Amino acid sequence: MSEIIKRPVIRGVDFCVDENIWGHRLYDEQLPHLTVLEFLGVLGSNLDKPLRPHEGLDGAVRFRPQRQIRLRGLLFNNPYVESIAESKLSDEDKWRQWLEKFDQGKTGHGDTVSDITYLRQSFTSFDDFSKAIELLRSSSFESRSNKRWSSKFVFPFGPDSLYEDLQIDAKGNMSNDRRFFARTGELLYLMLTRAKRGSELGDLLAKRLFDRSTPMNRLTRALQGAPQLPEEPRVSGYLPEACNPRFDQICEDWLAILSRDMPVYDALEHLIAITGLNMLLYFLERAKRVAGDDDPVEFVCEIVSRDGRKVRALSGDSYLVNQGYPEKAIRAHIELIRREKAWIDAGDVESSHAERVKLLRETFQWPPSDDKDEENYASRNPDELVSTLVGLALPRHSQHVGKIHAAWSRAIGLSSRRLSRRYRYAPNDRLLKSVVIAIVGDRMQFDEFLAEAKRRYGLVIGDAEGSRLLEAKSIDQAELSENRDNLESRLVGLGLVRRLSDSCSFVENPFFSEVEVAC
């Protein structure tokens, strides 16, 4: 069993149950691409010691995320730049008209007309300025979504393009309300800091992703100007475990993908997908362990075909089983306190109920110490107290944390409702390609690849990986073998499998390079 790091007092929450199990915090609306962006922001603030633990913070780290108000305002709160650029006005009049309009929407945080005079020196003409905005905006995440402009993000071309999520109201008041940067990226940073090869990965990322001299980063800096930072540093969220094999797997996958012969910007797509898969596995693995089930997490995957109805049904069942583990973990984690020695011993003292309230408060940060009903809690039956907390924790869990499995599996392309009335695991081409790039060096025999995909990620596709299903007579071997053949055909179509004969196929990584990437 891994060492559990003592949880600090978490402010702003009524009780800590989800936080005790998974950390503070995993959040369904922070999808994998936002998780990686938040992670890079924390890393960019610690380039002097990338992915190294900080002393005296009980496993947490300190960081100062960039705000880049000017950059995000120019890209996402600037709808009139194109119409002005297309007008017949002179270059001078275009600048004048645009400055007047942009000034009307200023936040007052470094984006007034006097703050952006450098733009005239950075661009030879207004049309060049407009084209730069169009280029960066077109490559951004969710540029056409209806999110507030301060919660849209440019592609991470370099250190100047990284910034935190902010809410900015009509009066210019700013707050990081933790909706889209909910600390999940901070947890990813802590996971990789605690991985065995974390420091090696940190040095590599600092070199590959934080080069200020790249053309796209220079363009981003031309728009933003000097970086904008908060006045005070912050302390990261809480991650319970000091070590976990999943932390090491994420690190190994990142190192593998970054060693491939592809531009780092292209590698980011695969880093995001494989990170989402690993974080989903962390979420489910931790839930299963807390619920008392030590068996590995499995994703029974249908390789989509019109005839795979039995595999499709089993995949849907697998989806529902995994969906239920987190709620089981909530119940088990709370009810475990009844078997704690301190809880049992409290029954032998005169103030047994008060002692148990104290133990509940130490374990779950509930009930609050300033609660007006503290005497009422102290007089209640212990079983009733535990049941009350379960009744409070389950609805709270279902609001966001309980939706992670559904939201993240869809986001990374693991689950789908295609040809079905319910969700099941049916990995898309993008995810399959990322899995191949992470697992395969030069080439790997197809059956070995399937075995490794199950070992790393719990992906059950063929009859060898689904032996448990065959033993339970849940499906015929021929149907799983056909599912395996469907995957082989898919990978052949993607240029990732070469067939040497009917019984011998190799998965090939087109981006493999024998030249090691130096740190």
Side-chain angles (χ1 to χ4, degrees), residues 33-34 37 40-41 66-174 180 211-229 263-266 268-269:
H33 69 284
L34 298 174
L37 284 178
L40 292 176
Q66 293 183 153
R67 290 186 162 171
Q68 312 298 68
I69 305 296
R70 292 186 292 270
L71 175 64
R72 70 176 99 194
L74 290 170
L75 293 179
F76 307 119
N77 195 29
N78 184 15
Y80 28 77
V81 64
E82 293 91 346
S83 60
I84 294 175
E86 292 170 359
S87 70
K88 304 287 187 184
L89 296 172
S90 66
D91 191 68
E92 184 65 31
D93 286 340
K94 287 179 180 179
W95 279 111
R96 178 185 53 76
Q97 187 177 107
W98 177 80
L99 285 168
E100 289 175 357
K101 287 185 173 294
F102 190 75
D103 190 57
Q104 294 172 8
K106 65 179 181 294
T107 67
H109 297 283
D111 58 350
T112 63
V113 170
S114 61
D115 293 318
I116 58 175
T117 55
Y118 61 87
L119 291 173
R120 296 290 298 270
Q121 285 74 47
S122 299
F123 297 93
T124 56
S125 68
F126 185 85
D127 290 350
D128 287 345
F129 166 64
S130 175
K131 289 175 182 176
I133 289 176
E134 181 182 1
L135 174 61
L136 288 176
R137 186 187 289 162
S138 65
S139 62
S140 62
F141 292 102
E142 304 173 335
S143 61
R144 296 184 179 181
S145 73
N146 59 359
K147 286 184 178 179
R148 61 198 182 207
W149 66 269
S150 59
S151 293
K152 294 182 179 181
F153 301 93
V154 67
F155 188 84
F157 288 115
D160 289 284
S161 60
L162 299 171
Y163 50 82
E164 67 174 334
D165 180 33
L166 286 175
Q167 182 177 18
I168 305 176
D169 64 21
K171 296 181 180 180
N173 299 316
M174 293 192 304
F180 301 115
D211 183 358
R212 294 187 181 276
S213 65
T214 61
M216 292 301 290
N217 187 73
R218 294 205 310 271
L219 180 60
T220 304
R221 191 176 182 86
L223 288 173
Q224 164 60 33
Q228 294 172 277
L229 297 164
V264 68
Y265 299 153
D266 293 340
L268 274 169
E269 174 188 354

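Quick caveat: nothing in here was measured; it's all calculated off a predicted structure.
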| said: Test your reading of the model: is there a side-chain donor-acceptor pair from E82 to the backbone of I84, 3.5 Å cut-off? | reply: no
| Side-chain donor/acceptor of E164 to backbone N/O of R67, under 3.5 Å | no
| field | For the student: nearest non-hydrogen atoms of Q97 and L89, plus distance | value | NE2-CD1, 3.5 Å
| What are the two closest non-hydrogen atoms of F141 and V154, and how far apart are they? | CD1-O, 4.1 Å
| query | Is there a donor-acceptor pair under 3.5 Å between the side chain of R221 and the backbone N or O of D160? | reply | no
| query | Can you name the nearest heavy-atom pair linking E142 to S145, along with the distance? | reply | O-OG, 2.9 Å
| message | Between K152 and N77 (side chain of the first, backbone of the second, donor and acceptor by atom type, cut-off under 3.5 Å), is there such a pair? | response | no
| field | Mutual orientation of the aromatic rings belonging to W98 and W95 [parallel < 30°, tilted 30-60°, perpendicular > 60°] | value | perpendicular
| request: Answer yes or no: is there a donor N or O on one side and an acceptor on the other, between the side chain of R120 and the main chain of F126, under 3.5 Å? | output: no
| task | For the residue pair Y163 and F153, categorise the inter-ring angle as parallel (less than 30°), tilted (30 to 60°) or perpendicular (more than 60°). | result | parallel
| Side chains of V113 and F102: closer than 4.5 Å at any heavy-atom pair? | no
| Any side-chain donor near an acceptor of the partner, R148 and S151, under 3.5 Å | yes
| said: Strictly distance-based, threshold 3.5 Å: is any side-chain N or O of D111 a donor or acceptor partner for the main-chain N or O of G108? | reply: yes
| So, the side chain of Q228 versus the backbone of R70: is there a donor-acceptor pair under 3.5 Å, distance only? | yes
